[in-house]
Novice: 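One structure coming up, written as structure tokens, with questions to follow.
None of these values were measured; they are calculated from a predicted model. Counting from 1, the numbers follow the sequence of the chain as shown.
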Amino acid sequence: MAGPERRRQLIDIGRQLFAAKGVDAATIEEIASTAGVTKPVIYEHFGSKEGLYRIVVEEESELLVRAITGSLPDDAKPRVLVERAAMALLTYVEERSDGFRILVRDAPPGQGAGALSSILSRITARVEHILADEFAARGFSAGDGAMYAQMLVGMVAMTGQWWLDARSPDKQTVAAHLVNLAWNGLTGLQKEPRLVDGPEPS
């Protein structure tokens with residue numbers, strides 16, 4: 001196997017084992033055995049198990065940030081903003097469950113906060129920027145906009161963490177209910193919410 005293909009294989013195997021066992025319980029011997037290589041091959045590519053883990057976290061972090069920020073155009077209306085953010089996160093959870101499990105559970109070595117909190121800070125800054133004009137038009141202060149951006153991103157993130165294992169109902173229905181709460185508030189909840197920007201529940 002050529003160098004790039006071997007590196008890709010080791011990253012994929014590492015992600016699976018780190019998701020299943022956690023970074024502490026997954027051993028470099030197990031990673032090497034699963035890949036059909038010796039431990040020195042892993043050291044050659046990543047320096048250590050922690051080096052491999054760091055690459056996995058960085059890759060998943062970038063994929064999640066791109067998925068969500070890429071779904072948030074500057075001209076998005078607030079309701080569509082929440083819908084698209086929710087669908088982007090749930091789609092990432094659906095397609096890359098192992099990666100999301102790692103981001104939720106473990107902090108990379110040498111990093112005080114977990115990877116997910118760092119990612120959410122980046123996404124919150126993007127949401128705050130998009131909401132700035134809307135909040136200014138309504139007479140809200142910049143501080144209010146920052147606070148509401150934290151609330152929206154936090155609500156979407158916590159829903160994603162719950163759905164990681166629940167997986168029911170489907171992601172369109174979950175997103176519709178999430179937007180229902182964010183958009184209408186508890187006093188204006190609709191009994192059968194629907195997304196206005198996207199497919200119907202399957």
Side-chain angles (χ1 to χ4, degrees), residues 15-16 19-20 60-106 114-202:
R15 184 180 61 248
Q16 293 167 9
E60 292 302 321
S61 298
E62 200 53 44
L63 287 170
L64 179 54
V65 169
R66 277 208 311 266
I68 296 181
T69 58
S71 73
L72 307 177
D74 286 335
D75 59 351
K77 297 297 183 184
R79 179 180 174 122
V80 172
L81 178 84
V82 181
E83 287 189 7
R84 291 185 180 180
M87 283 298 294
L89 176 64
L90 294 173
T91 298
Y92 172 86
V93 171
E94 181 178 60
E95 295 177 353
R96 301 192 68 85
S97 298
D98 284 348
F100 191 66
R101 200 174 300 280
I102 291 168
L103 296 179
V104 167
R105 183 176 57 203
D106 299 322
L116 187 61
S117 63
S118 175
I119 294 168
L120 295 181
S121 294
R122 293 169 63 185
I123 294 169
T124 299
R126 172 77 171 149
V127 171
E128 183 181 345
H129 167 73
I130 295 173
L131 289 179
D133 290 342
E134 181 76 21
F135 275 79
R138 293 171 181 255
F140 283 64
S141 70
D144 289 335
M147 177 176 64
Y148 277 92
Q150 291 279 353
M151 293 175 181
L152 286 173
V153 171
M155 182 164 41
V156 172
M158 289 301 296
T159 302
Q161 290 184 51
W162 163 77
W163 197 69
L164 176 62
D165 293 313
R167 295 305 174 95
S168 179
D170 60 75
K171 65 183 177 183
Q172 287 86 0
T173 300
V174 172
H177 281 282
L178 193 157
V179 176
N180 189 27
L181 176 59
W183 190 252
N184 298 312
L186 288 172
T187 59
L189 287 178
Q190 300 170 345
K191 290 183 179 179
E192 297 183 5
R194 294 286 184 270
L195 300 178
V196 300
D197 181 65
E200 289 295 312
S202 57

Novice: Drop me the distance from D170's CG to E94's CD, to the nearest 0.5 angstrom.
Specialist: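 Between D170 CG and E94 CD, I get 9.0 Å after rounding to 0.5 Å.
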
Novice: Locate the shortest heavy-atom distance separating P169 from W163; write the atom from each residue and the value.
Specialist: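 Heavy-atom minimum between the residues: O-NE1, 2.8 Å.
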
Novice: So, the side chain of D98 versus the backbone of A19: is there a donor-acceptor pair under 3.5 Å, distance only?
Specialist: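 No, the answer is negative, given that no donor and acceptor are paired below the 3.5 Å cut-off.
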
Novice: Side chains of D165 and R101, heavy atoms from C-beta outward: is any pair under 4.5 Å?
Specialist: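 When only atoms from C-beta onward are counted, R101 and D165 do touch, with a gap below 4.5 Å.
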
Novice: Check this for me: M158, atom CE, are more than 12 non-hydrogen atoms of other residues, nucleotides or ligands nearer than 6.0 Å?
Specialist: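 Result for CE/M158: open.
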
Novice: To the nearest 0.5 Å, how far apart are OG1 in T69 and CG in L64?
Specialist: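 Taking OG1 in T69 and CG in L64, the distance rounds to 9.0 Å.
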
Novice: In Å and rounded to the nearest 0.5 Å, what is the OH to CZ distance from Y92 to R66?
Specialist: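 Taking OH in Y92 and CZ in R66, the distance rounds to 10.5 Å.
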
Novice: Donor-acceptor pairs are to be reported for all side-chain atoms of residues 80-89 against protein atoms at under 3.5 Å, with residues two or more places apart or in another chain.
Specialist:
residue: E83; atom: OE1; partner: V196; partner atom: N; Å: 3.4
residue: E83; atom: OE1; partner: D197; partner atom: N; Å: 2.9
residue: E83; atom: OE2; partner: R79; partner atom: NE; Å: 3.2
residue: E83; atom: OE2; partner: V196; partner atom: N; Å: 3.0
residue: R84; atom: NE; partner: D197; partner atom: OD2; Å: 2.8
residue: R84; atom: NH2; partner: D197; partner atom: OD2; Å: 3.4

Novice: To check you understand the geometry: which heavy-atom pair defines the closest contact between F100 and V93, and what is its length?
Specialist: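 Shortest heavy-atom contact: CD2-CG2, 3.7 Å.
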
Novice: Could you name each residue pair satisfying salt bridge (Lys or Arg N to Asp or Glu O under 4.0 Å) that touches residues 152-162, not counting sequence neighbours?
Specialist: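 Listed once each, the pairs would be none.
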
Novice: Pairs of donor and acceptor atoms involving the side chains of residues 139-150, under 3.5 Å and at least two apart or interchain, shall be tabulated with distances.
Specialist:
residue: S141; atom: OG; partner: G143; partner atom: N; Å: 3.4
residue: S141; atom: OG; partner: D144; partner atom: N; Å: 3.1
residue: S141; atom: OG; partner: D144; partner atom: OD2; Å: 3.3
residue: D144; atom: OD2; partner: S141; partner atom: N; Å: 3.3

Novice: Are the side chains of E134 and R138 in contact, using a 4.5 Å heavy-atom criterion?
Specialist: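 The answer is yes, as the side chains (C-beta and beyond) meet within the 4.5 Å cut-off.
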
Novice: Give the minimum heavy-atom separation between L120 and A157, together with the two atoms involved.
Specialist: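 Heavy atoms of L120 and A157 come nearest at CD1-CB, 3.6 Å.
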
Novice: Might you point out which heavy atoms bring A182 and L152 nearest each other, and give the distance in Å?
Specialist: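 Scanning both residues completely, I find the closest heavy atoms to be CB-CD2, 3.9 Å.
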
Novice: What's the spacing between I68 CD1 and L63 CG if we round to 0.5 Å?
Specialist: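 If I round to the nearest 0.5 Å, the distance is 11.5 Å.
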
Novice: Are L178 and L90 packed together at the side-chain level, in the sense that at least one heavy-atom pair is separated by less than 4.5 angstrom?
Specialist: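 L178 does not reach L90 side chain to side chain.
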
Novice: Quick one: CZ on R126 to CG on D74, what's the gap to the nearest 0.5 Å?
Specialist: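 Those atoms lie 4.5 Å apart.
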
Novice: Once you round to the nearest 0.5 Å, how far does CD1 of I123 lie from OG of S118?
Specialist: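 So the CD1 of I123 and the OG of S118 are separated by 10.0 Å.
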
